[in-house]
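Let me begin by presenting the structure, written as structure tokens, before commenting on it.
All heavy atoms count here, side chains included; hydrogens, waters and symmetry mates do not. Lettering follows sequence order; numbering is per chain, from 1.
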4 protein chains.
Amino acid sequence: MSNSELKHMQTLLPEWVETSRQQALHGKVASYIPELAKSPKDALGIHIVGAEGQVASAGDCGISFTMQSISKVFTLILALMDNGEEAVFAKVGMEPTGDSFNSMLKLELVQPGIPFNPLINAGAIAISSLIAGSSREEKSARVLDFFRNLSGNRALDYDNDVYLSEAKTANLNRSMAYFLKDKQVLQGEVEEVLDVYFRHCSISVTCADLARMALVMAHNGTDPVTGAELIPRRYVQIAKTFMITCGMYNASGEFAIQVGLPAKSGVSGGILAIVPGRYGIGVVGPSLHRKGNSIAGVHLLETLSRTFDLSLF
Amino acid sequence: MSNSELKHMQTLLPEWVETSRQQALHGKVASYIPELAKSPKDALGIHIVGAEGQVASAGDCGISFTMQSISKVFTLILALMDNGEEAVFAKVGMEPTGDSFNSMLKLELVQPGIPFNPLINAGAIAISSLIAGSSREEKSARVLDFFRNLSGNRALDYDNDVYLSEAKTANLNRSMAYFLKDKQVLQGEVEEVLDVYFRHCSISVTCADLARMALVMAHNGTDPVTGAELIPRRYVQIAKTFMITCGMYNASGEFAIQVGLPAKSGVSGGILAIVPGRYGIGVVGPSLHRKGNSIAGVHLLETLSRTFDLSLF
Amino acid sequence: MSNSELKHMQTLLPEWVETSRQQALHGKVASYIPELAKSPKDALGIHIVGAEGQVASAGDCGISFTMQSISKVFTLILALMDNGEEAVFAKVGMEPTGDSFNSMLKLELVQPGIPFNPLINAGAIAISSLIAGSSREEKSARVLDFFRNLSGNRALDYDNDVYLSEAKTANLNRSMAYFLKDKQVLQGEVEEVLDVYFRHCSISVTCADLARMALVMAHNGTDPVTGAELIPRRYVQIAKTFMITCGMYNASGEFAIQVGLPAKSGVSGGILAIVPGRYGIGVVGPSLHRKGNSIAGVHLLETLSRTFDLSLF
Amino acid sequence: MSNSELKHMQTLLPEWVETSRQQALHGKVASYIPELAKSPKDALGIHIVGAEGQVASAGDCGISFTMQSISKVFTLILALMDNGEEAVFAKVGMEPTGDSFNSMLKLELVQPGIPFNPLINAGAIAISSLIAGSSREEKSARVLDFFRNLSGNRALDYDNDVYLSEAKTANLNRSMAYFLKDKQVLQGEVEEVLDVYFRHCSISVTCADLARMALVMAHNGTDPVTGAELIPRRYVQIAKTFMITCGMYNASGEFAIQVGLPAKSGVSGGILAIVPGRYGIGVVGPSLHRKGNSIAGVHLLETLSRTFDLSLF
């Protein structure tokens, strides 16, 4: 059935992509990382993969883009695998904030000053400090290796220009990191932690890579194509829950109501979405809504979810 | 299968109730509404009902208690049925706040000053103003009638002492209501809107009533016992999504991770939880965690969800 | 000397008024109280009075306008005379907020939730509740009588249209009052307290009235013309200090640096300023700066203070 | 007269010091900079100097302590002398915040994100970036030289242990500095700016040094003993105004009402106070009130100001 559904999707996707692409006009490409500003504003691509590896795709799927915040889902998972639940949740909370992803308000206003969740910037920086490894190089190598395993793409690598652009302009992230250091949430050296963070944000992927990573999560951590057990099921469960409550920045509640799938967006315009038990989905559309999500990408996922009744709820 | 699972639950629940009941020591009974302070601190009861009306229950299920915030789920649904999605979401947002349920911070800090979601106090007050009816009496009568239909209990009624206690001491809710009036979120007369609000909060129920209301939602709006179509499926979907993202106050994220069921709590210690497609659950335990949820009730639901793998995620 | 200085001022004021009047273009007349929106935007008048009653004045001094927040200085003084320092400062603090005059943020964020100072709206409402009197009518009559004594103008009275306009549209003030009631800062009945507050805000004055009230404060509470001791010196000292730190809304710091005189502004465009030991000053200019002060009025006072070196600092 | 008044003060001070010293019990020595925690908790000293260099003093005046925030008054003045008013006030505002001295809330909440005033930490860091000099060493040397001139003490120098302790533990200041860098308030390299800041905070003084620096300000920038013109009068005026509105952290309003003198405190327990036209005062008492001011020092200044009627207001 999944197979025929994917075929049905394939017949509909090309036209939907053209319709959703119009939305790009109402958004903006992220420019705070100068390198990101070069992305094609009206690009839109989607790639869906099923349990036997069958595919539906449309639009600009050839584009490479950096994972940005999408990577936070997988560093969270790696930190859980490295440290266990208790150690991770001593450093980050489990609650959505209602604030912008780079807000520091709650760090100051709510004691004891730990980040509310691992998917806002402050939380993801705290998570980066929990990745096992004796040096920043080893930590980054472990992250990259994990991402390669999940995507089944051994060629996955950093976009060095974006990494450098990000490292140079990320003073707000530095500000957060020093705040966390002051509150003893971060143990390590700030620049080392940030380096791990900037690197995992700048891993370059395609929609197909994202879809494949999502597929592993859709099957509770086991790659359904290879049968490899890559993530313990409980950690997939935790990550999927966060994707519902906090995955789409401070538009997560709306996305849960309108789309209803665990998903994570990045300021590069990428979105990774999961149809539990069935599909992995990768989307890219660099023009962003005011709250930071791909405006055309969200529109496309909404059409898809409504038409095929994919919402978890 | 559902039948044998319920029987299995029935064998386990009594002991679990006794274990979870210990948690009550670490919490406090709500006292800001004086009438609530009279609730028995270490009471704990649970009632689970399946699609054919079969039941598992344990503990202090005989207790009556007021719905308080649990009622907000159903006034939201009634407001949706009365006004449609567009009109409702012009007055309340779809996002969790990360703040306390009675916080006014985001009303002032985030333009245009509409409540972030319908399950915090400010949002539920805005929803009360959307209930159709030509007078406060008619609005309240429509709410009560709707709740009676959902619970299948035509004897459902207000607890007048709690209503009066609430109306008299609710100056913080009045403050919110006048703020919303100033921002033109509330159209009607403030005291009339609040009267509707206080009344629906003080509807008195048992765990069995909550379980039955939850069962209707578990079956997408149709009472599986009577076959009556009581709520359009889309509105159940919206409500269930809000229950996941905002249903347990600013501990909703943690509850989603640890329990993973759509649920709504009230300061009376009640919790309504949904196992989609299967069960409706009602819980009561008046001793509250710092964030306002029944401390023993949450513990019990966690045990239940983990043992029977009930999480949506 | 004061006499010849006033004569010197009189020769300069007419031209200065014309220059400062240009600033009115860059501001806006307050409109949140509908009645205020009718004020002439480019009006500007100033009236300065010395210890022997000698006068310098220029511009539109014939205009009547309501005191609005200027009245808060004198209700604070009356509350101090009625209750003493200790009782008053149990209900309001002594600190500037850095926030807008109608902000509620600090009420929620800073325990124990009492208004930071008596010149922001929340603080002035708390002060209104401290005016002695057995009814709202008696309280308001005492306020009016006190204001008449200070201005030496027995004809001083309410502008009933502004009072009604204010009472009807003041839902944000109602919101604050109920918040304070919830925190037990307000003891009395909210609508009664607000009525006293709205009434004293709508007392109608001219620049000459303000100047005369300021003159009494400039002479430590004794009317230098009549010799009547109207305010204990310590309460004048307290009020003058608040006028420096909080008198010009959240532009008080800038006004202290650029003008350096104890002053209080109102959204009607009035400003009362004190040159200690010497003059009382009344200004009116309805076009307001973004932060709520008369834009032309502040410009005129700046010119005056710089030219005659009037700053306290 | 000033002379006989000082003699009168001298007769009263020793007993007052013993009375105020009792207050130290109710406070705490600052410990967030480890080196400061070594200060003697119940020490209290005061030194008052008049225009001809005559002196009244009592208590533990032999103690050396670091200037900490007191230095911010003089780096503000130096930055004004180096850059002029316009350039300085492009980088810092003129308003009190109502928040703690190390709060970042308003940086995020109030556009355009420049520090509210030069006496909170964020503002003082911005001011440090405005000190002229081609290197951090030259900037620090210019600051030290200026402070030596003002105090007439060419031996004034850094306390190197405090400087190192401060530099090592100041992650919250680093967080602020990177935030300001992100908002383009800071132009230079963050660690260089912070080094200038940490150094001027750790200049070691006695009460006599502070009193002498205050005396120069009390005489509008001219050292009355030597006749040297050290600061333009306008910049003294600006600094004195800030000392009234923001000099005593978020207890400045209360201090203005209870003492009424331009003053600046530091977390080392020092206070510099000015009696305009007359005296310079230096106080030290390491036990701090909750808001960061010397608890015994404030008590002593209150007694002094009330007895000799020194308030500006």
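- When each of C:Pro276, C:Gly260, C:Ala251 is checked for heavy-atom pairs under 4.5 Å with chain D, C:Ala251 comes out on top.
- Interatomic distance, D:Ile257 CD1 to C:Ile244 CD1, rounded to the nearest 0.5 Å: 12.0 Å.
- Annotation: the span from D:Leu312 atom CG to C:Phe313 atom CZ amounts to 6.0 Å, rounded to 0.5 Å.
- Contact count versus chain D (heavy atoms, under 4.5 Å) is highest, among C:Pro96, C:Ala256, C:Gly93, C:Gly98, for C:Gly98.
- By the ring-ring contact (aromatic ring centres under 6.0 Å, His included) test, C:Phe116 pairs with no residue at all, sequence neighbours left out.
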At a cut-off of 3.5 Å, what donor and acceptor atoms pair up between chain C and chain D?
| residue | atom | partner | partner atom | Å |
| --- | --- | --- | --- | --- |
| C:Glu95 | OE1 | D:Ser252 | N | 3.3 |
| C:Glu95 | OE1 | D:Gly253 | N | 2.8 |
| C:Glu95 | OE2 | D:Gly253 | N | 3.4 |
| C:Glu95 | OE2 | D:Glu254 | N | 2.9 |
| C:Thr97 | O | D:Lys106 | NZ | 3.3 |
| C:Asp99 | OD1 | D:Lys106 | NZ | 3.2 |
| C:Lys106 | NZ | D:Thr97 | O | 3.2 |
| C:Lys106 | NZ | D:Asp99 | OD1 | 3.2 |
| C:Arg233 | NH1 | D:Asp309 | OD2 | 3.1 |
| C:Arg233 | NH2 | D:Asp309 | OD1 | 3.2 |
| C:Arg233 | NH2 | D:Asp309 | OD2 | 3.4 |
| C:Arg234 | NH1 | D:Ile257 | O | 3.2 |
| C:Arg234 | NH2 | D:Gln258 | OE1 | 2.9 |
| C:Gln237 | NE2 | D:Ser311 | OG | 3.4 |
| C:Gln237 | NE2 | D:Phe313 | O | 3.2 |
| C:Ser252 | N | D:Glu95 | OE1 | 3.3 |
| C:Gly253 | N | D:Glu95 | OE1 | 2.8 |
| C:Gly253 | N | D:Glu95 | OE2 | 3.4 |
| C:Glu254 | N | D:Glu95 | OE2 | 2.9 |
| C:Ile257 | O | D:Arg234 | NH1 | 3.2 |
| C:Gln258 | OE1 | D:Arg234 | NH2 | 2.9 |
| C:Asp309 | OD1 | D:Arg233 | NH2 | 3.2 |
| C:Asp309 | OD2 | D:Arg233 | NH1 | 3.1 |
| C:Asp309 | OD2 | D:Arg233 | NH2 | 3.4 |
| C:Ser311 | OG | D:Gln237 | NE2 | 3.4 |
| C:Phe313 | O | D:Gln237 | NE2 | 3.2 |

